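Data block below; observations after.
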Amino acid sequence: MVRNILMFFLNIFRYFQSKSLRWRIMLSIFVSIFILMITLLAVYRVEYYSVKIIGSAYKSNMELTSFTDSLNLTEKALENYINFHTFDSIDSYYSYRNKVSEYMEKMQMRPSQDLVQQKEYLVSQFTQNFLLNSGRAIHARRANDFNSLNYYYNRTISCYNMLMNQLSEFNSLLLQQNAMNYNHNLEQMNSLYKLSFLLFLTISSIIVTVMYFSVSQIVRPLKQISSVAHKISQRNFNVPLFYAKRHDEIGNICDAFDRMIISIREYIDAIWEKAVTEAELKEKEVEMQALYADAQLRALQNQINPHFLFNTLNTGAQLAMMEGADKTCFFIEQTADFFRYNIQQKNKTVSIDEELKLVDNFVYIMSVRFGNRLQFEKQLPEGDYENQFTEQIPVMTLQPLVENCIKHGLKNSIGRVVLNIQRFEKFIQISVSDNGSGFPAQIRDNIFAAIQNSDKDGLQNVLVSLDSNAVKKDEGGNGTGLINVFMRLKLYFHRNDVFDITENDDGKGTKFIIRIPVNV
């Protein structure tokens, strides 16, 4: 039983704890007001009861005095009627007689051992005789029976005199009794006042206890929060978390403090990691600057090599011309133009027409090398006017694709390479296809996945990943030419849908597709 009671109060406490702070404060105020109202009502009832006790001590004497006055008036009305025989006197007689009768009905009608009640019994008997004889005297006066009138009137006066004596004695007895009751009632009033004072102290103690408990429940977590905030202001973040289980405003503040402390710690860790990373990058930057200076030196030292190559090729072309070998002279000139385009092209972008001219030079060189084994076809829209495709693309975009198709197409007895250009409303599509054995799907997926991850991994990591995983070394090449083309297209157009690798329409060979947006 005791355990059930304790569990009941514990559940009530948990219920109050789950409520909001505003709700608990308002509840404390309402409870205090309710207790004060009960206290005021109790004090009011005590005062009312005290006044009622004091008033009751003299009520009997007042009623007895009123009864005596009614008897006197009744006797005077009887005397006036007998002497003057008027209507007003008889009317007054019966009016006062009724009042005396009403009071007499409340009196003690039986003998008693109590002195006061016995005296009250005698008064009631004399009153009955007075009313009886006075009534008979009235009847005798109406009948003009003067003998009976004198007899009953004398008996009435005699009874009246004795009744007055009894009333005087009864009044004295009542005064003595009321005095004794007054002293007793005064002691009861003192007891009631003491009880009211104790009740007030008890209620005040309860209110102070309830308010102290409520305020303590509110202030205690606030003190903890204040202490933690002070430590944080002194840059001490190694403070314990609250892990508050409350669901009120204080609990929300504690949860917010926990999240703030965790965020500050994570932010400090991130700053520390960033500082370490920046230090490492600083060291790498110093190394890169040293490597860059070395590369510049090597570039200055090798600047003469392209000029020596072009001079040598021009000399070979002049010798072939002098010897009448026109075909050899043209071949050497085409080769020199090809290398000059590769080495001396300083612009990062060129028009599609310029790229097509480079492809023509490269295909001519490959045709001389492979002869009839190489079949190249260039499919352009109708109209053979110059500057047909002025849209800009990164330099050396088409030649690596043509070179790749020639290499894989010549694995057959005859290699067939087709370069097709189509103009659409929003883009220009350039496709380069071969009749080789096709492009492995696993390598294609690895290439595109690596290019997609280049934004976060960096170009150098992509090339390393492709070199080791995506593009297996095959016939002396590692496919970095294709990777270079695709990466430069992505960086230039800022899109991932400008290139693709598919099969030919007949399901054989490989087709490289480039979609160049118009008006970019």
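The model shown is predicted, which means the values in this text are computed figures rather than measured ones.
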TODO: Compare all side-chain heavy atoms of I501 with those of F486 and state whether any distance is below 4.5 angstrom.
DONE: yes
#### Entry: Side-chain heavy-atom pair Y492, V498 within 4.5 angstrom cut-off
no
Contacts satisfying side chain to side chain donor-acceptor pair (under 3.5 Å) that involve residues 364-378 (not counting sequence neighbours) are D360-K378, E377-Q379, E377-R416
Where the side chain of Q422 meets the backbone of I428, is there a donor-acceptor pair that is under 3.5 Å apart?
no
Could you check if a side-chain atom of Q399 sits within less than 4.5 angstrom of a side-chain atom of N361, using non-hydrogen atoms only?
no
So do V363 and L419 actually touch side chain to side chain, heavy atoms under 4.5 Å?
no
- request: Using a cut-off of 6.0 Å, state whether more than 12 heavy atoms not belonging to Y267 lie near its atom OH.
  value: no
Anything under 30° is parallel, anything over 60° is perpendicular, the rest tilted; go ahead and classify H408 against F439.
tilted
| said: When you measure from the side chain of N504 to the backbone of D506, do you find a donor-acceptor pair of N or O atoms at a distance under 3.5 Å? | reply: no
Take L356 and D353, measure what side-chain contact (heavy atoms from CB on, under 4.5 Å) needs, and give me the verdict at the end. CA-CA 5 Å; L356 292 176; D353 288 332; 4.3 Å; yes
Quiz item: Under the 3.5 angstrom rule, does the side chain of D434 hit a backbone N or O of T510 as a donor-acceptor pair?
Solution: yes
Value for NZ (K511) from CG (D505), rounded to nearest 0.5 Å, stands at 4.5 Å
Separation between CZ (F499) and CE (M487), nearest 0.5 Å, reads 8.0 Å
Check: Tell me, do T397 and L489 make a side-chain contact under 4.5 Å, heavy atoms counted?
Finding: yes
d(I430 CD1, I393 CD1) to nearest 0.5 Å is 5.5 Å
Rounded to the nearest 0.5 Å, the CZ atom of R259 sits from the CD1 atom of I264 at a distance of 13.0 Å
- Would you mind reporting whether V359 and F376 have side-chain heavy atoms less than 4.5 Å apart? yes
Hits for salt bridge (charged side-chain N to carboxylate O under 4.0 Å, His left out) against E391, two or more places apart or cross-chain, chain-then-number order -> R423
query: Heavy atoms, side chains only, cut-off 4.5 Å: are E403 and M366 in contact?
result: no
When every non-hydrogen atom of F389 is compared with those of L380, the smallest separation belongs to CE1-CD2, 4.4 Å
For this session: With the side chain counted from C-beta on, respond yes when V395 and E355 share a heavy-atom pair under 4.5 Å apart, and no when they do not.
Result: yes
Taking N435 for its side chain and I414 for its backbone only, find out whether a donor-acceptor pair lies under 3.5 Å. yes
Strictly distance-based, threshold 3.5 Å: is any side-chain N or O of E354 a donor or acceptor partner for the main-chain N or O of S351?
yes
By side chain to side chain donor-acceptor pair (under 3.5 Å), D497 pairs with (sequence neighbours left out) R495
Here the gap from Q429 atom CD to I516 atom CD1, rounded to the nearest 0.5 Å, amounts to 10.5 Å
Rounded to the nearest 0.5 Å, the OG atom of S433 sits from the CZ atom of F512 at a distance of 10.0 Å
